[in-house]
There are 2 protein chains.
Amino acid sequence: MNALHQCISQYHPISIAAWEALTKALTRVEVPKNSFLVKEGMVCNKLYFLERGCLRGYYNLDGKEVTYWFGFENNFITSFYSFISRKPGIENIQVLEDSTLWGISSEALHQLFDQHHDLERLVRIINEQYYIRLEERLMAMQFKTARERYEQLLETSPHILQRIPLGQIASYLGISQETLSRIRSQV
Amino acid sequence: MNALHQCISQYHPISIAAWEALTKALTRVEVPKNSFLVKEGMVCNKLYFLERGCLRGYYNLDGKEVTYWFGFENNFITSFYSFISRKPGIENIQVLEDSTLWGISSEALHQLFDQHHDLERLVRIINEQYYIRLEERLMAMQFKTARERYEQLLETSPHILQRIPLGQIASYLGISQETLSRIRSQV
DNA sequence: TCTTTCTTTTGACAATTGTCAAAAAAGGAA
DNA sequence: TTCCTTTTTTGACAATTGTCAAAAGAAAGA
């Protein structure tokens with residue numbers, strides 16, 4: 001819970017009242033490795049904060065698993081499209097290591113928004129920061145070679161390489177596992 | 001102005017008071033074709049609503065212009081990274097057709113947020129919708145071939161093809177102009 | 001320890017896409 | 001119209017990346 005408070009403060013400090021209301025609405029979730037937090041076809045009604053562990057989001061395309069994000073400590077996690085639109089998504093969220101999360105339902109969050117303006121501001125700000133990250137990823141995907149994307153990942157998130165199988169990283173980078181393996185051997 | 005009101009209502013209706021405060025803070029901007037709304041190296045301090053015309057965002061990479069978005073009627077326009085972080089960006093926003101915009105400064109917008117909770121909610125919701133769009137684009141970029149991305153663009157935004165030069169569309173799709181030309185001839 | 005399973009690497013080849021250069025087509029201005 | 005500029009297409013070739021199959025290596029369980 002402390003990790004969440006610290007994480008929030010980096011984005012936008014909130015009032016004590018808002019924090020207390022938030023903590024009351026949060027549920028602690030412990031999930032074991034290889035379980036699923038979200039499965040395709042379901043509505044993801046919860047937003048999570050990942051305190052410990054790691055997850056990945058992927059979907060199935062032509063029989064292949066396509067990874068499009070990883071979540072690590074202090075990340076906010078949800079099946080974004082589904083959570084926002086309240087419709088079933090195509091996304092699976094798989095637990096890659098035993099993890100501890102704090103979850104809040106969409107309804108509870110929106111109630112809190114009504115009561116605590118500063119909480120809604122916090123979420124707006126977090127959204128904006130996540131948008132910027134996504135934009136950077138899109139640019140890399142659009143205009144950089146596989147090797148450049150890999151080297152960028154090495155710089156910004158070296159921890160990914162220690163914790164995630166190569167095939168999933170390759171998928172995340174938008175290349176085949178064989179290509180990534182060859183890139184690594186040619187550094 | 002009416003177009004903006006209608007556009008806003010589709011995302012989240014706001015109170016009359018909020019709308020009136022917003023309209024007071026807006027400035028009408030007319031920009032001619034080939035002018036620039038934002039140039040790289042400057043802080044983009046304004047958020048715009050595009051009422052009429054069309055724009056593109058691009059940056060320079062190794063001497064090439066890299067287009068990463070187009071804006072059309074009823075789109076919100078800004079150099080997002082710069083606007084949010086209040087730092088200089090690498091982005092240029094070029095006017096592709098004579099355009100009419102409504103602009104608001106970052107300061108004015110944040111003042112409005114303090115006074116009108118529902119306006120901040122509106123922006124949160126718009127941000128979320130734009131996030132989802134970006135996510136879709138990233139997925140296409142990550143896991144679809146050039147041809148598939150082009151066909152997807154044909155379906156979702158056929159108007160782009162009538163209004164934008166091929167080279168810029170190719171850049172937007174992350175492929176060379178020659179490749180796009182060949183894809184088109186082989187449909 | 002020895003299996004068994006999962007992950008990573010390597011080889012051979014094919015498909016996709018990029019680059020450079022030139023030609024063709026289209027659009028604007030006088 | 002004609003000239004000039006911009007945009008689009010085409011050709012030839014190279015570079016990048018993907019696919020399939022097999023081998024090698026690492027990790028996990030009995």
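Only a predicted model underlies this, so the values are computations on that prediction, with no experimental measurement involved. Chain A is the first sequence line, chain B the second, and so forth, proteins listed ahead of strands; every chain is numbered from 1.
Close to C/dT8, at under 4.0 Å from its OP1 or OP2, lies no side-chain N or O of A/Arg184. A/Thr179 has no side-chain polar atom (N or O) that falls below the 4.0 Å cut-off from OP1 or OP2 of D/dT17. In this structure, A/Ser185 does not reach the C/dT9 phosphate: none of its side-chain N or O atoms is under 4.0 Å from OP1 or OP2. In this model, the phosphate group of C/dT19 is approached by a side-chain N or O of B/Lys64 to a distance below 4.0 Å at OP1 or OP2.
Within the 4.5 Å cutoff, no side-chain heavy atoms of B/Glu91 are placed close to those of B/Tyr81. At least one side-chain heavy atom of A/Tyr11 sits less than 4.5 Å from a side-chain heavy atom of A/Phe76.
Rounded to whole angstrom, the span from the CD atom of B/Gln177 across to the P atom of D/dT7 amounts to 9 Å. Atom CZ of A/Arg147 is separated from atom P of D/dA15 by 14 Å (rounded to the nearest Å). When rounded to the nearest whole Å, the span between CG of A/Leu180 and C1' of D/dT19 equals 16 Å. With rounding to whole Å, A/Gln94 atom CD is found 13 Å from C/dC6 atom P. Between the CE atom of A/Met141 and the P atom of D/dT17 there is a distance of 12 Å, given to the nearest Å. Separating the CD1 atom of B/Ile183 from the C1' atom of C/dG18 is a distance of 12 Å, rounded to the nearest angstrom. When rounded to the nearest whole Å, the span between CD of A/Glu148 and C1' of D/dT16 equals 12 Å. Distance NZ (B/Lys144) to P (C/dT16): 17 Å, rounded to an integer number of Å.
Connection of B/Leu173 to A/Met139 is not established within any shared hydrophobic cluster, with ILVMFWY side chains joined at heavy-atom distances below 4.5 Å, either directly or through further cluster members. Put simply, B/Met42 and B/Leu37 are part of the same group of oily side chains (I, L, V, M, F, W, Y) that touch within less than 4.5 Å, one to the next.
By the 4.0 Å N-to-carboxylate-O rule, B/Arg124 lies close enough to B/Glu128 to be salt-bridged with it.
Each end of the helix from C/dT1-D/dA30 to C/dA30-D/dT1 gets its own axis from five base pairs, and the two axes differ in direction by 50°, given to 10 degrees.
Between the base of D/dG11 and the side chain of B/Arg182 there is a donor-acceptor pair shorter than 3.5 Å.
A/Asn60 and A/Glu65 form no side-chain donor-acceptor contact under 3.5 Å, judged by distance and modelled atom types alone. For the residue pair A/Glu135 / B/Trp69, no side-chain donor-acceptor distance below 3.5 Å is found, with atom types taken as modelled. Residues A/Asp118 and A/Ser15 bring a donor and an acceptor atom of their side chains to less than 3.5 Å of each other. B/Ser99 and B/Arg52 share no donor-acceptor pair across their side chains, judged by distance under 3.5 Å alone.
The stretch residues 162-176 of chain B touches DNA chain D through B/Pro165, B/Leu166, B/Gly167, each having a heavy atom within less than 4.0 Å of the strand.
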Could I get a table of every N or O pair under 3.5 Å where one atom is in the protein and the other is in nucleotides 21-27 of chain C?
none

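Less than 6.0 angstrom separates the ring centroid of B/Tyr68 from the ring centroid of B/Tyr59.
Annotation: A/Glu107, atom CD; neighbour count of heavy atoms from other residues, nucleotides and ligands within 6.0 Å is above 12. Under a cut-off of 6.0 angstrom, the local environment of CD in B/Gln6 is sparse, with at most 12 non-hydrogen atoms contributed by other residues, nucleotides or ligands.
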